[in-house]
Amino acid sequence: MREVRKERVTVTMPADDAAAVRRFVDAGGAESVSAYVAEAVRSRLARDRALLTLNELYRRRGVRLDPEHHAWARAVLGVAPATGTAS
């Protein structure tokens, strides 16, 4: 397995969230804060890519998904909307 190039970035988040991540890491739930955040980013990227693909498939068929469609799906699935993304 080849080495993945890494880059240091600075992330700002609510203090309560940062403290919760540190507690989780301290309890052995993740290797490090960086590992925890990297996994969260990978998960979010996978979800966003899947959503882009789905929207593209709908677009090709002439179907337009409005924010109401996304809100309905979130309600049915019991998930909160992601912040900082278009529906």
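It should be emphasised that the depicted structure is a prediction, and the values quoted were computed from it without experimental measurement.
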With clusters defined by side-chain heavy atoms of hydrophobic residues (ILVMFWY) lying less than 4.5 Å apart, directly or transitively, does [Y] cluster with [X]?
X   : Y   : answer
V41 : Y36 : yes
L52 : L65 : no
L54 : L45 : no

| request: Give a yes or no answer on whether the side chain of T53 reaches the backbone of R49 with a donor-acceptor pair at less than 3.5 Å. | output: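 Pair found, side chain donor or acceptor close to backbone of R49.
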- Begin from the C-alpha positions of R22 and D26 and carry the test salt bridge (Lys or Arg N to Asp or Glu O under 4.0 Å) through to its verdict. CA-CA 6 Å; R22 284 190 202 94; D26 291 345; over 6 Å; no
Heavy-atom closest contact (R64 atom, H69 atom, distance):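 Of all heavy-atom pairs spanning R64 and H69, the closest is O-CE1, 3.8 Å.
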Hey, is CD on E31 packed in by over 12 heavy atoms from elsewhere, all under 6.0 Å?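 Counting other residues, nucleotides and ligands, CD of E31 stays at 12 neighbours or fewer.
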Run the side-chain contact (heavy atoms from CB on, under 4.5 Å) test on D17 and V21 for me, step by step, so that the C-alpha distance in whole Å, both residues' side-chain angles and the decisive distance to 0.1 Å come before the verdict.
CA-CA 6 Å; D17 292 346; V21 170; 5.5 Å; no
